[in-house]
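Just so you know, ligand 1 is whichever comes first in the structure, and atom 1 is the first atom listed for that ligand.
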Amino acid sequence: MPVHDSLLKTTLGTVTLNNPFLLTLGPPTASGEQIRHAFRLGWAGAVTKTIVPDSMEIEDVSPRFAAWKGKDAGLLGFENIELLSKRSVLYWTGEIAALKAEFPDRFLIASIMASPDPEEWQELAGAMQDAGADAIELNVSCPHEMPERGVGAALGQHPGLVRELTRAVRGVVKVPLIVKLTPNVTDILPVAEAAVEGGADILAAINTVQCLMGIDLETLEPLPSVAGSSTYGGYSGPAVKPIGLRIVSQIARELPVPVMGIGGISRWQDAAEYIAAGASAVQVCTAVMWDGAGIVRDMNAGLAGYLAEKHLAGPDALRGRALPHIGAHAALSREISRCAVAEFPDKCTSCGHCVVACRDGGYHAISLVERQVVIDRSRCDGCSLCSHLCPEGVIAMQVRPQGNRR
Ligand SMILES: Cc1cc2nc3c(=O)[nH]c(=O)nc-3n(C[C@H](O)[C@H](O)[C@H](O)COP(=O)(O)O)c2cc1C
């Protein structure tokens with residue numbers, strides 16, 4: 001047994017997880033076989049691809065993905081216009097029963113969606129519970145096509161509808177009930193509160209952010225182009241992490257239910273940030289599509305190492321540690337002021353990037369003198385732009401000495 005096993009035990013409401021990492025719904029959980037493979041690699045749980053009644057037609061288009069990559073070809077953001085599970089209810093009840101028999105210690109969540117009629121949701125939730133699912137997750141957050149059918153994000157953007165649907169399903173399930181929220185709202189709290197009022201035990205956030213990935217400038221077709229046309233899709237991957245963190249922290253600050261953090265998690269550090277922002281556990285989709293389910297091994301090992309180094313007894317001890325430090329802008333300190341300094345001048349290549357940026361987007365405080373970066377403290381306003389864009393890490397922000405305020 002790896003040393004970190006006991007260190008990673010995580011509490012999610014009334015449930016104890018082997019570690020905080022769950023494989024989330026999307027292509028990585030489209031079949032029982034993929035979930036089985038993931039469990040063998042060490043994922044503590046999984047959420048099935050959203051299961052729909054057999055009467056609900058699901059026909060995917062091709063292609064259905066688009067990717068935004070950095071200069072090194074690493075993934076920055078990912079768009080999908082994929083629909084829900086194409087497998088039957090019978091397939092899923094069989095797989096859920098088989099997975100629970102083989103992996104009784106893993107947390108298996110059945111994600112469901114049906115027509116706007118709550119009775120269909122109740123029936124589907126009951127079938128998944130009877131098959132042995134440990135929890136039911138309501139997908140009221142898919143941003144594409146489903147809203148055209150009056151479900152998905154079309155439900156999840158209206159607190160009243162979320163409350164009603166959650167209450168209806170709560171009436172028929174005994175296992176924990178999870179509501180997965182859409183970030184495509186102006187304020188997450190009314191919807192999150194409505195889910196809790198309706199009886200949700202756990203919240204999950206975020207589903208994908210509605211987007212238009214780009215336009216092919218040769219053909220002028222939007223991306224992903226499906227025979228020349230496209231639609232608004234769901235954005236995921238590293239670029240959405242700041243949105244997920246904001247939403248998870250807002251829920252954790254205001255509501256008394258556990259929240260699972262989702263969105264842009266690809267390294268253990270991302271997971272640790274979500275937990276510090278209040279998440280009880282995390283879910284991962286795009287990173288698994290890009291790099292495979294085996295990433296859980298590094299995530300588990302990395303998080304365990306971090307917890308040990310910080311003398312934290314487990315993920316529960318890290319949970320919410322950053323929350324007391326998040327507040328109103330007006331409450332931020334004006335007492336301590338920082339200014340830029342060339343901390344590692346030997347690393348400077350005289351590229352001049354900081355000079356131009358500070359001149360045109362800052363305070364005209366930086367110049368190059370004999371190929372060395374020189375910062376005029378009396379002009380520096382402490383905005384920090386130069387420290388972010390210097391490719392060599394030459395510039396750091398230091399506390400301005402007292403009496404030296406600009
Ligand atoms: C290709 C793809 C398919 C997805 N399918 C579903 C789905 O069926 N139901 C659902 O609730 N979320 C679905 N999602 C959303 C993910 O579960 C997750 O909320 C989102 O991608 C953000 O996490 P990530 O950045 O780790 O991918 C899908 C995401 C992707 C990329």
Side-chain angles (χ1 to χ4, degrees), residues 20-31 34-35 38 43 45-52 56 58 60-68 75-87 92 109-114 124 135-147 151-156 178-184 203-211 213 224 233-248 259-268 270-271 273-274 279 281-293 295-296 299:
F21 295 103
L22 282 83
L23 190 66
T24 196
L25 54 174
T29 61
S31 70
Q34 284 163 294
I35 297 175
W43 293 85
V47 193
T48 65
K49 178 92 182 146
T50 299
I51 302 164
V52 300
M56 200 163 160
I58 301 292
D60 268 316
V61 295
S62 166
R64 50 185 175 274
F65 301 147
W68 177 36
L75 183 69
L76 300 177
F78 190 77
E79 180 188 344
N80 87 86
I81 51 172
E82 178 169 292
L83 301 179
L84 311 176
S85 177
K86 294 186 274 266
R87 296 180 187 271
W92 277 115
I109 303 168
S111 164
I112 62 164
M113 186 193 287
L124 198 51
I136 304 297
E137 181 170 294
L138 307 183
N139 176 350
V140 290
S141 43
C142 180
H144 41 267
E145 211 208 89
M146 295 304 132
V151 285
L155 278 178
I178 303 164
V179 176
K180 182 171 179 183
L181 302 172
T182 174
N184 302 309
L203 299 177
I206 54 173
N207 205 319
T208 51
V209 181
Q210 197 175 37
C211 73
M213 180 59 99
Y235 202 36
S236 63
V240 308
K241 189 182 87 177
I243 301 169
L245 278 177
R246 186 261 298 171
I247 286 180
V248 163
V259 54
M260 284 191 276
I262 319 168
I265 297 170
S266 54
R267 310 164 310 150
W268 69 263
D270 304 321
E273 288 178 56
Y274 265 99
V282 296
Q283 300 183 14
V284 185
C285 176
T286 302
V288 172
M289 293 174 67
W290 205 255
D291 289 319
I295 60 172
V296 75
M299 286 179 161

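- For ligand 1 and Thr24, the ligand atoms under 4.0 Å from any heavy atom of the residue are 17 (O).
- Looking at Met289 next to ligand 1, no N or O pair under 3.5 Å apart turns up.
- No heavy atom of Ser141 sits closer than 4.0 Å to any atom of ligand 1.
- For the pair Asn80 and Arg64, the minimum side-chain heavy-atom distance is 4.5 Å or more.
- Using a 4.5 Å cut-off on side-chain heavy atoms (C-beta onward), Leu22 and Thr24 make no contact.
- No side-chain heavy atom of Lys180 sits less than 4.5 Å from a side-chain heavy atom of Val47.
- Among all non-hydrogen protein atoms, the one lying nearest atom 23 (O) of ligand 1 is Ile262 CG2, 3.4 Å.
- Side-chain contact between Met260 and Tyr274: absent, with no pair of heavy atoms (C-beta onward) separated by less than 4.5 Å.
- Counting heavy atoms closer than 4.0 Å to ligand 1, residue Thr286 contributes atoms from both its backbone and its side chain.
- Put simply, CD1 on Ile265 and CD on Gln283 are 8.5 Å apart, with the number rounded to the nearest 0.5 Å.
- Distance check, rounded to the nearest 0.5 Å: CD1 of Ile58 to CZ of Arg87 gives 13.5 Å.
- Distances from atom 21 (O) of ligand 1 to the heavy atoms of Gly261, Ser236, Ala30 put Ser236 nearest.
- Taking 4.5 Å as the limit, every side-chain heavy atom of Thr208 sits out of range of all side-chain heavy atoms of Val240.
- Residues Val288 and Trp43 form a side-chain contact, since some pair of their non-hydrogen atoms from C-beta on lies under 4.5 Å apart.
- Applying the 4.0 Å criterion to heavy atoms of Phe65 picks out, from ligand 1, the atoms 1 (C).
- In this structure, of Gln283, Lys180, Glu82, the residue bringing a heavy atom nearest to atom 18 (C) of ligand 1 is Lys180.
- A distance of 7.0 Å separates CD in Glu137 from OG1 in Thr50, rounded to the nearest 0.5 Å.
- Under a 4.0 Å heavy-atom criterion, Gly264 is in contact with ligand 1.
- For atom 8 (O) of ligand 1, the closest heavy atom belonging to the protein is Lys49 NZ, 3.2 Å.
- With a 4.0 Å heavy-atom cut-off, ligand 1 is reached by the backbone of Ile206 but not by any atom from C-beta on.
- In this structure, Gly237 has a heavy atom closer than 4.0 Å to ligand 1.
- Across every non-hydrogen atom of Ala239 and Pro242, the tightest pair is O-CD, 3.5 Å.
- For atom 4 (C) of ligand 1, the closest heavy atom belonging to the protein is Gly26 CA, 3.5 Å.
- Here Ile206 contributes atom CD1 and Ile247 contributes atom CD1; the two are 5.5 Å apart, rounded to the nearest 0.5 Å.
- Against a heavy-atom cut-off of under 4.0 Å, Pro27 is close to the following atoms of ligand 1: 1 (C), 2 (C), 3 (C).
- A heavy-atom separation below 4.0 Å is not found between Val288 and ligand 1.
- Using a 30° and 60° split on the angle between ring planes, Trp290 and Phe78 fall in the perpendicular class, above 60°.
- For ligand 1, the polar-atom distance check finds an N/O of Cys285 within less than 3.5 Å of one of the ligand's N/O atoms.
- Between the side chains of Trp92 and Ser85, at least one donor N or O sits under 3.5 Å from an acceptor N or O.
- Where the criterion is an N or O separation shorter than 3.5 Å, residue side chain and backbone included, Asn207 meets it with respect to ligand 1.
- Near Asn139, with a cut-off below 4.0 Å to any heavy atom, the atoms of ligand 1 are 9 (N), 10 (C), 11 (O).
- Inclusion of Leu25 in the set of residues having an N or O under 3.5 Å from an N or O of ligand 1 is warranted.
- Counting heavy atoms from C-beta on, the side chains of Met113 and Leu155 never come closer than 4.5 Å.
- If you check which protein heavy atom lies closest to atom 20 (C) of ligand 1, you get Thr208 CG2, 3.7 Å.
- Contact between Cys142 and ligand 1 is absent, with no heavy atom of the residue lying under 4.0 Å from the ligand.
- When heavy-atom distances to ligand 1 are checked against a 4.0 Å cut-off, Lys241 has no atom that comes that close, whether in backbone or side chain.
- In this structure, atom 29 (C) of ligand 1 lies nearest to the protein heavy atom Asn80 ND2, 3.6 Å.
- Side-chain contact check for Ile81 versus Pro224: some heavy-atom pair is nearer than 4.5 Å.
- Contacts with ligand 1 closer than 4.0 Å are made by heavy atoms of both the backbone and the side chain of Thr50.
- Applying the 4.0 Å criterion to heavy atoms of Gly263 picks out, from ligand 1, the atoms 22 (C), 23 (O), 25 (O).
- Which parts of ligand 1 touch Leu84 is read off a 4.0 Å heavy-atom cut-off, strictly below it: atoms 8 (O).
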